[in-house]
Amino acid sequence: MRGVLIVLAVLAAAYGTALLWPGPEPVSHPWLDAQHETRAERIAHGGGLGRAPANTIAALEQAVADGADVLEVDMQMTADGFLVLLHDDSVDRTTNGTGRIDALRLNDVTALDAAFGYEGEPADRFAGQGITIPAVYDAFAAFPDMRWIVEIKPQTEDAAMATCMAITETDMGHPGFANRVLVGSFHDDVLRRFRDICPGIATGMGRREAFSFYVMARLGLAKFHPTRAVAAQLPPRASGLDVIHPRLVDAAHARGIAVQVWTINEPDEMEALIARGVDGIITDRIDVMANLQGE
């Protein structure tokens, strides 16, 4: 019993020392510097899929018109190595075509009707308007002054490399664009590869990285988490856990990391999360959030 008490005392002393240990300097990046200073940012999920077909130029245009601060999009890779805006790994759900995106060439993909799978009301609202799946280059070029969150969907090194190239090549035509893009992925290995080949570009947290940060934040030890992320895109709840816990928010802010929550469409939930101090709300309905914020 005496030995157990000694071990517990040593552990308690070590834990107390860790809590008092100074943390690292807060992260800094131009993407963060451009954040809105007085309110939570409005981040258009899927480019604004609540108002137009997801991940299309039409959705992006509507999101900008509705007052989006950031455009959040998903990226897949075609068989001939081009990145396009698309959430699923096939075109079946959202277009009038069929097949895996990695088995189709860019020309085949961009010929499809991206309004075919629109889930809003009425379902045929955008039919026959020539709305297509855009190549990432075209989307970036259409909105070079906006800030972006781009999610790499494929779990491949090729996708990480192509994303780096798409950002840096767009930056050549629109200087400063690279500082306006934050790259995310659920796949931690893809994010690690992207960070290695494109170290100057802002990144979010991968799935495992975010979970470990959450656990360490709840324990008061997030200062020791070895993340290179400048933001975390998180759900409000996962596996029964209150993910956007005050300790998580405080720990992230102590590190200079922005907290952005997905996917929130109801005003009451937006208000509750804003009250917790989150930095951004990822939503299908930018117009609803703008109305809530009185803008």
Side-chain angles (χ1 to χ4, degrees), residues 43-63 71-143 148-167 169-170 181 183-191 193-194 206-207 233 235 262-263 265 282-286:
I43 304 172
H45 179 235
L49 63 85
R51 299 269 277 164
N55 290 299
T56 63
I57 298 296
L60 297 170
E61 289 175 341
Q62 186 64 59
L71 302 173
E72 187 272 345
V73 294
D74 308 290
M75 298 191 304
Q76 296 280 3
M77 180 177 280
T78 64
D80 45 352
F82 288 93
L83 290 173
V84 295
L85 300 193
L86 187 69
H87 179 277
D88 299 358
D89 59 10
S90 80
V91 299
D92 298 35
R93 180 176 66 89
T94 57
T95 80
N96 59 338
T98 60
R100 287 184 57 87
I101 191 70
D102 57 9
L104 299 170
R105 299 178 66 83
L106 179 64
N107 288 342
D108 299 322
V109 172
T110 56
L112 298 173
D113 181 357
F116 185 81
Y118 179 58
E119 296 178 352
E121 295 291 340
D124 62 351
R125 176 182 171 190
F126 295 95
Q129 297 183 22
I131 295 176
T132 60
I133 296 173
V136 167
Y137 289 105
D138 294 332
F140 284 169
F143 304 94
W148 295 77
I149 296 174
V150 296
E151 182 180 343
I152 303 173
K153 286 294 187 180
Q155 193 172 359
T156 66
E157 289 193 2
D158 286 345
M161 177 66 76
T163 302
C164 181
M165 291 177 60
I167 294 169
E169 289 182 13
T170 303
V181 183
V183 173
S185 178
F186 282 144
H187 311 303
D188 294 74
D189 53 343
V190 171
L191 268 182
R193 178 58 178 158
F194 178 83
R207 190 191 300 270
Q233 294 82 44
W262 53 266
T263 302
N265 294 323
I282 302 172
T283 178
D284 300 333
R285 295 297 302 269
I286 293 296

Got F194 and I167 here, is their nearest side-chain heavy-atom distance under 4.5 Å? yes
Which heavy atom in I57 sits nearest to a heavy atom in A139, and how many Å separate them? CD1-CA, 3.9 Å
Specify the closest pair of heavy atoms between M77 and A162, including all atoms of both residues, with the distance to one decimal. CE-CB, 3.3 Å
Give a yes or no on whether the backbone of G99 and the side-chain of D92 come within a donor-acceptor separation of less than 3.5 Å. yes
Within the side chain of H187, is there an N or O that forms a donor-acceptor pair under 3.5 Å with the backbone of G206? no
For the NE2 atom of H87 and the OG1 atom of T94, what is their distance to the nearest 0.5 Å? 10.0 Å
Exercise: identify the closest heavy-atom pair between G46 and E72: N-OE1, 2.9 Å
Specify the closest pair of heavy atoms between F126 and A115, including all atoms of both residues, with the distance to one decimal. O-CB, 3.5 Å
Side-chain heavy atoms of E169 within contact of Y137, under 4.5 Å: yes
Is there a side-chain contact between L85 and L60, using heavy atoms and a 4.5 Å cut-off? yes
CD1 of I131 to CG of L112: how many Å apart, nearest 0.5 Å? 13.5 Å
Mind checking the CD1-CG spacing from I101 to D89? Nearest 0.5 Å is all I need. 9.5 Å
Distance-only donor-acceptor check, side chains T78 and D80, under 3.5 Å: yes
Report yes or no: does E151 contribute a side-chain atom to a donor-acceptor pair with the main-chain N or O of S185 at less than 3.5 Å? no
For D113 and N96, which I'm curious about, is there any donor-acceptor pair between the side chains at under 3.5 Å? no
Of the non-hydrogen atoms in A135 and L106, which two are nearest, and what is the gap between them? CB-CD1, 4.4 Å
D102 vs Q76 side-chain heavy atoms within contact, under 4.5 Å: no
Smallest heavy-atom separation, I133 atom then T110 atom, equals O-CG2, 3.4 Å
When rounded to the nearest 0.5 Å, the distance separating CG of L83 from CG of D74 is 12.0 Å
L86 vs N55 side-chain heavy atoms within contact, under 4.5 Å: no
Within a strict 4.5 Å, meaning less than it, do heavy atoms of the F143 and E61 side chains meet? yes
Within this structure, what is the CG-CD distance for the pair D188 and Q155, rounded to the nearest 0.5 Å? 9.0 Å
Would a distance-only check, ignoring hydrogens and angles, find a side-chain to backbone donor-acceptor pair under 3.5 Å from T283 to I286? no
Evaluate whether atom CZ of R93 has more than 12 neighbouring non-hydrogen atoms of other residues, nucleotides or ligands under 6.0 angstrom away. yes
In Å, rounded to the nearest 0.5 Å, how long is the span from CE of M161 to CD1 of I152? 11.5 Å
